[in-house]
Amino acid sequence: MNPGKNLDYVQTTCPYCGTGCSFNLVVKDGKVVDTAPYDRSPINEGRICQKGKYAHEFVNSPDRLKTPLVRKNGELVEATWDEAFDIIIKKAKETKPDEFAVIGCARASNEDNYALQKFARTVLKTVNVDHCARLCHASTVAGLAQIFGSGAMTNSVTDIADANCVFIIGSNNFEAHPLVGRRVMQAKKKGARIIVVDPRRTPTAKQADLYLQHYSGTDIALLNGMMQLIIKNGWEDKEFIEKRTTGFDKLKACVMQEKYSLENVSKITGVPAADIETAVSWLHEADVSTLLYTLGITQHTVGVDNVRSCGYLQLLLGNLGKWGGGVNPLRGQNNVQGACDMGVLPNVFPGYQKVTDEAAIKKFEKAWGCEVAAGKVGLSIPEMFDIMADEPDRLKFLYLMGENPLISDPDINHVIRALENIDFFVLQDIFRTEIAEYADVVLPAVCYAEKDGTQTCSERRVQRFRKAQDGPGISKDDWKIFADLAEKMGFGDKFAWKNASEVFDEMAALTPQYVGMSYARIENEGLQWPCPTPDHPGTKVLHGETFNGMPEGKAALDAIEHRPPNEETDAEYPIILTTGATIWHWPSGSMTRRSPSLNKDCPTGWIEINTEDAKELGIKNGEFVRATSRRGTVDVGAKVTPDIKKGVMFMPFHFWECRANWLTNSAYDPVSKTPEYKACAIKVEKIPEA
Ligand code: SF4
């Protein structure tokens, strides 16, 4: 930033989705006033979607937090940093390590998240560290690591445009990741066939050459049926399978069962048999196909198995390690990849080094110069909230950075029970969101436009945030809040960073994927990990020759059976509800709903109801209806449309006044602990007249 100039352009990266677009912040008289294109970004080449275009609008909202707040006589009142820290430290000293729950933030920078987990593990001495990847792509991290040895997007955003066939399952990327959608359209223009699998005819599905409208929760059945057809036709890549995989016989024995015959799979999924055959033949005819997925795959009680099934389809076709191929999870929030890389997870240190591995524990104790909480896996977010709700004495101190579980977590009544029970709650955020009403101390942080730092997008590219203006009041960088708190607690020498670049350097030295990176090296376009040496160019496509981290360097195929969602429909709750994002807003809406332009285009939420279902229920388009699950009720406007499958309804999840998560099920995948946001049973009725 050059505060001496009247007008300045500051290159930065988008704070919304995981695509990783760059743009300039336009700064006038020291304040961010607009965005402008940054043409040299390899990801978005100067284009941005409407969320990016208006990403300056929330920055100077009048309700930004400006000072710490502490609760006195039941009210949150302004306080100094010292007053707030003294209250936190007093309570922390009364709390045992296993009684802490610490939650990081996938919107904050790598430096902020690195500092958070280091603070939790060294100062609070707790293993209970997690963040909201748990709620979206923890199934990706676990599932892809199991089969490939690495839980990240295998390819890059650019090479999607060079695929001959694009297979999209459970991803509405035209709305949730629009600049990825642009690459899909580029592939289509070059002649690629686009196949979309989704219970909703989304804007993405409307651009498809073949649209498979399946029932939510039947992905494995569909993928097993497709793999049976591939094997029956002898279309599997035999050489690739032989040289680069293990477990083919087990996979084959599973998918060749009669229950995955074309006829049966068509019945389970609701997809016409001829369409499944067409999809398989198009994948066979393509030299190289890419597979894209997002939360439609991961947010299920079978999320990890869904992810593995996607990987198996691509392995069977030999589409790994190739430009234009791969298995490509499009990460939700801007830095969800980075927060995972930083070890804000209960089972790993930075760089996915296991907290149960003796060598890793020694490495971090030596580097950090003190004892580190490790040796056992800590609690995940759903486990934390289950315990807070049902065993109130086990967890006593919640430290939450930048999230609002009152909108984003499943089964809101369960979340409220947990928050009412917690003894002490510190919230660190840029806004006083609704969850602050449960907090004992609120700490004000700067936002992406007010700090230097880095974030890591879906394609593993590490890019810069840059400070374009000062933060409001006495707000601070998140990493600096942890450093100052640590200093007051006697750990100052372990957190003595002068700036974000020093935090990055410490982190990179300890994180194998980042070792070759520095601020100087990622200055303009960033670098894609793994980047193991200071002269390494970064990695566009993973698994080119070998699957690092897997036995014999081979990918692991296995048998996966279809299992229905945790909650099936019945006579009382006959509808499947699925949830998702819109093009205008981003998860809990704390930033996008403070953008006047985005709010004007999309002021509130809705429920999508199939035209025939609406007729049977006597519901008209635009009418307010009551949706009820076994957990809660919400009144919401109806959008009647033929675009959603009969028997399935959809709600976007951003809106406080009509929260989809009053209804959703907190049941989660046993491995990833990711909740089943994408399928629960509801009923919908007209609102009785008063
Ligand atoms: Fe930002 Fe995603 Fe839009 Fe790019 S596609 S401008 S990263 S919200």
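For the numbers below, each heavy atom of this structure counts, side chains included, while hydrogens, waters and symmetry mates do not. Both ligands and their constituent atoms are indexed starting at 1 by order of listing.
Ligand 1 places these atoms under 4.0 Å from at least one heavy atom of Leu179: 5 (S). Taking every heavy atom of Ile48 and a limit of under 4.0 angstrom, the matching atoms of ligand 1 come to 6 (S). Atom numbering of ligand 1 starts at 1 in the shown order; those under 4.0 Å from a heavy atom of Gly20 are 7 (S). Close approach of ligand 1 to Tyr16 (heavy-atom distance below 4.0 Å) involves ligand atoms 8 (S). The atoms of ligand 1 that sit less than 4.0 Å from any heavy atom of Pro178 are 5 (S).
If you check which protein heavy atom lies closest to atom 1 (Fe) of ligand 1, you get Cys14 SG, 2.3 Å. Nearest non-hydrogen protein atom to atom 3 (Fe) of ligand 1 is Cys49 SG, 2.3 Å.
The one candidate from Asp470, Asp477, Asp112 that meets the salt bridge (Lys or Arg N to Asp or Glu O under 4.0 Å) condition with Lys451 is Asp112. A side-chain hydrogen bond (donor to acceptor under 3.5 Å, both in side chains) with Trp323 is found for exactly one of Thr290, Asn155, Thr158, Asp162, namely Asp162. Results of the salt bridge (Lys or Arg N to Asp or Glu O under 4.0 Å) test with Asp452 over Lys467, Arg464, Arg466 single out Arg464 as the only residue that passes.
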Check against salt bridge (charged side-chain N to carboxylate O under 4.0 Å, His left out), Arg593 and Glu657: CA-CA 12 Å; Arg593 296 205 77 195; Glu657 64 278 16; 2.8 Å; yes

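Classified by interplanar angle (parallel below 30°, tilted 30° to 60°, perpendicular above 60°), the ring pair Trp606/Phe650 is tilted.
Atom NZ of Lys53 sits in a sparse spot, with 12 or fewer heavy atoms from other residues, nucleotides or ligands closer than 6.0 Å. In Tyr9, the OH atom is not crowded: 12 or fewer heavy atoms of neighbouring residues, nucleotides or ligands sit closer than 6.0 Å.
In summary, Cys17 places an N/O/S atom under 2.8 Å from atom 2 (Fe) of ligand 1, meeting the contact criterion. Here Cys21 meets the criterion, with an N, O or S atom under 2.8 Å of atom 4 (Fe) of ligand 1.
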